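Notes for the one structure printed next.
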Amino acid sequence: MTLIRWSPIRDLATEIFDLQKEINRMFDRFFRGFEDEEIRMISWSPRVDISETDDEYIVRAEIPRG
């Protein structure tokens with residue numbers, strides 16, 4: 001039988017590293033769904049002109065032709 005020296009700091013560091021990897025995986029899975037939507041939003045950004053009168057706000061914006 002081989003004796004192995006126990007190192008509480010090494011064991012704690014390993015557990016923290018494993019926890020960090022798991023948290024990173026969790027965030028990656030959560031935010032992966034937003035990437036496609038974000039790319040679509042960035043790809044089209046309409047020109048907008050906003051003005052104001054005493055009675056109303058006027059918004060003029062580009063509208064894509066379908």
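Since this is a predicted model, take the numbers as computed values, not measurements. Atom set for the values below is all heavy atoms of this structure, side chains included, hydrogens, waters and symmetry mates excluded.
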Check salt bridge (Lys or Arg N to Asp or Glu O under 4.0 Å) between Arg25 and all other residues, then give those that pass, not counting sequence neighbours. Glu22
Non-neighbouring partners of Thr53 that pass side chain to side chain contact (heavy atoms under 4.5 Å, CB included), sequence neighbours left out: Asp55, Glu56, Ile58
Starting at CD of Gln20, measure out to CD of Glu15 and round the result to the nearest 0.5 Å. 14.0 Å
Between Asp18 and Lys21, is there a side-chain heavy-atom distance shorter than 4.5 Å? yes
With a cutoff of under 4.5 Å between side-chain heavy atoms, which Ile, Leu, Val, Met, Phe, Trp and Tyr residues group with Val59? Val48, Ile50
In Å and rounded to the nearest 0.5 Å, what is the CZ to CG distance from Arg29 to Asn24? 11.0 Å
Which Ile, Leu, Val, Met, Phe, Trp or Tyr residues join Ile16 in one cluster when any pair of side-chain heavy atoms under 4.5 Å counts as a link? Leu12
The side chain to side chain donor-acceptor pair (under 3.5 Å) partners of Asp11 (sequence neighbours excluded) come to Trp6
Would you find more than 12 non-hydrogen atoms of other residues, nucleotides or ligands less than 6.0 Å from Ile9 atom CD1? no
Sorted by chain and number, sequence neighbours left out, side chain to side chain contact (heavy atoms under 4.5 Å, CB included) with Tyr57 holds for Glu52
